[in-house]
Amino acid sequence: MSIFSMHRRQSLALIGAALIAGAMPMLPARADDSVTLWSWRTEDEAAMRRIFDVFEKENPGVKVDIQFTPDADYQNRLSTALRGGRGPDIAQLKAYGELQPFVEAGYLDALDESVPELKNLPDAALGGARGRADGKLYGVPYSVPMMGVFYNEDIFKAQSIEIPKTYKEFVAACEKLKAAGITPIAAGGANGSAWALEIGVGVVGPTVYGPGFYDEMMSGKATFEDPRWVAAVKRFTELKPYFSEGFAGVDYTTSTQQFINGKAAMFFGGSFENGSFKSQNPKLKFSIFPFPADDPATPLYTSAFSDGSYGLVSESANKEAATKVLNFMASAEFAQLFADELGWPPARPDVTVKDPVLARMMEMSKNSTPYLTLVGFRWQAPTASSVLQAEIIDTVEGKIAPEKLAADIQAAVNTWFKPQQ
């Protein structure tokens with residue numbers, strides 16, 4: 001029985017007793033429906049609270065209790081809670097293959113009928129929220145991030161550096177920054193944050209292997225051992241002299257602080273960094289550009305992906321209120337608030353872009369290709385990401401050849417990947 005049902009029965013009992021006694025009943029105040037929402041985006045806590053303050057003002061009967069768990073611990077906490085029937089009403093969900101175990105275990109309700117606004121979201125957003133077996137939607141996507149090179153505008157101006165139009169110019173800029181005692185690229189993957197280096201490969205990759213490479217991989221015409229993908233890894237490793245000093249022992253948080261505090265000129269990252277950078281240092285002047293190619297005439301592409309979604313937990317005791325929250329999260333109003341507060345591309349494109357960095361990102365995203373290791377090869381274990389993240393530091397350090405990394409990834413995904421026909 002829900003809390004609301006118990007309160008209702010208690011109220012009826014009190015009314016009956018009062019009428020029998022010939023007195024005016026004192027009705028207990030109805031408690032607000034509280035919807036518990038779990039998220040791993042600890043850096044977005046203040047912004048998300050402001051967004052849901054708007055929702056609660058428009059829906060005075062519903063409270064949203066947002067609980068944040070650091071990303072490194074989130075999946076384990078969520079899995080454990082769902083197995084024990086102690087999960088939230090709404091859970092932030094990873095995308096693509098990382099979503100499937102929760103769908104297959106029956107922990108989530110499909111939302112196709114209960115959240116009609118999902119029909120207005122693009123396929124690029126919805127792809128990460130679909131059940132692979134039934135094609136149903138199990139989450140409300142919130143963003144389609146893209147990746148690129150963030151740069152400190154003040155440092156570039158002080159060093160008379162223009163946005164590089166070629167890879168040669170990029171290296172020349174790095175050399176100039178290094179000579180001036182400035183870390184050219186804040187980077188690190190220690191302490192479980194090798195995913196940040198994987199993103200670095202995703203920033204460099206499309207420029208090297210081209211926008212059509214993803215489709216070739218999906219059809220089986222190409223593999224990770226293709227010279228084009230190996231060349232992308234080699235290009236990334238070439239940048240080691242410009243990474244944070246002792247980068248193998250530098251983690252993601254430290255590298256972001258180097259950029260945020262003006263100690264480093266550039267940072268390879270995704271759209272989700274925009275709002276975080278601004279909130280941590282409102283005075284930081286920065287923007288973003290796509291990684292340059294050898295030939296200035298080469299069209300530049302960025303990796304894009306569905307970051308995740310928010311799903312309705314099947315055992316939620318408060319589904320009506322939770323569904324109301326999810327419908328808000330699928331709305332144009334939420335998309336606008338999300339863009340304004342967090343500064344990264346929302347799942348819906350029908351927003352008014354006010355932030356210049358976000359405007360630049362959305363312009364870049366017009367030339368996008370799926371983030372290869374995530375969108376295509378994170379569906380079953382061992383994933384491409386798990387192998388890449390385990391070996392990328394040693395690859396950059398020269399202990400593992402890019403060809404060996406490529407062969408190891410291909411051997412791993414060969415155990416489950418079947419090319420699309």
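Residue numbers run from 1 in the order of the sequence given. All figures in this text were calculated on a predicted structure; none of them were measured in a lab.
Under a 3.5 Å cut-off, the side chain of T369 and the backbone N or O of P211 do form a donor-acceptor pair. Counting only distance, with no hydrogens or angles, the side chain of T166 and the backbone of E169 share a donor-acceptor pair below 3.5 Å. Between the side chain of S331 and the backbone N or O of F328, at least one donor-acceptor pair lies under 3.5 Å. Side-chain N or O atoms of Q92 include one that pairs as donor or acceptor with a backbone N or O of W40 at under 3.5 Å. Checked by atom type and distance alone, the side chain of D44 never pairs as donor or acceptor with a backbone atom of A47 at under 3.5 Å.
When the side chain to side chain contact (heavy atoms under 4.5 Å, CB included) test is applied to V396, the partners found at least two apart in sequence or on another chain are F236, T237, K240, F243, F247, I392.
D307 and S143 form no side-chain donor-acceptor contact under 3.5 Å, judged by distance and modelled atom types alone. Side-chain contact, S244 with Q258: a donor N or O sits under 3.5 Å from an acceptor N or O. Y167 and E238 share a donor-acceptor pair across their side chains, judged by distance under 3.5 Å alone. At a cut-off of 3.5 Å, with distance as the only test, a side-chain donor of N274 or D355 sits close to an acceptor on the other residue. Inspection of the Y209 and E216 side chains reveals no N or O donor paired with an N or O acceptor under 3.5 Å. Looking at Q280 and E43, their side chains never bring a donor and an acceptor atom within 3.5 Å of each other.
Rounded to the nearest 0.5 Å, atoms CE (M147) and CG (L374) are 8.5 Å apart.
Contact detail for S279 and S276: the closest heavy-atom pair is OG-O, 2.9 Å. Contact record, T383 with S386: O-OG, 2.8 Å, taken as the closest heavy-atom pair. Between S287 and V357, the shortest heavy-atom contact is CA-CG2, 4.3 Å. Heavy-atom minimum distance, L388 versus I409: CB-CD1, 3.9 Å.
Between D71 and R41, no side-chain nitrogen of the basic residue sits less than 4.0 Å from a carboxylate oxygen of the acidic one, so the salt-bridge criterion is not met. The pair R378-E198 meets the salt-bridge criterion, with a side-chain N (NZ, NE, NH1 or NH2) lying under 4.0 Å from an Asp/Glu carboxylate O. Between D53 and R49 a salt bridge is recorded (basic side-chain N to carboxylate O distance below 4.0 Å).
Here the side chains of L82 and E315 are not in contact, with every heavy-atom distance at 4.5 Å or above. Looking at F213 and M218, their side chains never come closer than 4.5 Å, going by heavy atoms from C-beta outward. In this structure, T298 and T207 have side chains that are not in contact, with every pair of non-hydrogen atoms separated by 4.5 Å or more. Residues V201 and R235 are not in side-chain contact: their nearest non-hydrogen atoms beyond the backbone lie 4.5 Å or more apart. Residues K119 and D112 are not in side-chain contact: their nearest non-hydrogen atoms beyond the backbone lie 4.5 Å or more apart. At least one side-chain heavy atom of V325 sits less than 4.5 Å from a side-chain heavy atom of V64. Counting heavy atoms from C-beta outward, I163 and Y151 have side chains that approach closer than 4.5 Å. A heavy-atom distance below 4.5 Å is found between the side chains of R77 and Q67.
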Next item on the list: Go through E391 and K404 one step at a time and tell me if the salt bridge (Lys or Arg N to Asp or Glu O under 4.0 Å) criterion holds.
Entry: CA-CA 10 Å; E391 299 185 7; K404 176 67 163 54; 5.0 Å; no
Going through the checks in order, is the side-chain hydrogen bond (donor to acceptor under 3.5 Å, both in side chains) test met by T254 and D251? CA-CA 5 Å; T254 302; D251 62 14; 2.7 Å; yes
- [ ] Show the numbers, then the answer: is there a side chain to side chain contact (heavy atoms under 4.5 Å, CB included) between K324 and V62?
- [x] CA-CA 9 Å; K324 183 178 290 187; V62 183; 4.1 Å; yes
Handout entry: Steps toward salt bridge (Lys or Arg N to Asp or Glu O under 4.0 Å) verdict (D340, K354)
Key = CA-CA 7 Å; D340 293 344; K354 304 170 185 176; 3.2 Å; yes
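Checked against the 6.0 Å centroid threshold, F277 and F267 count as a close aromatic pair. Checked against the 6.0 Å centroid criterion, the rings of F377 and F224 qualify as a close aromatic pair. Ring centroid separation for the pair F338 and W344 comes in under the 6.0 Å cut-off.
Within the structure, ring-ring contact (aromatic ring centres under 6.0 Å, His included) contacts touching residues 84-129 (residues at least two apart or in different chains) are Y96-W379.
More than 12 heavy atoms of other shown residues, nucleotides or ligands fall within 6.0 angstrom of atom NZ in K278.
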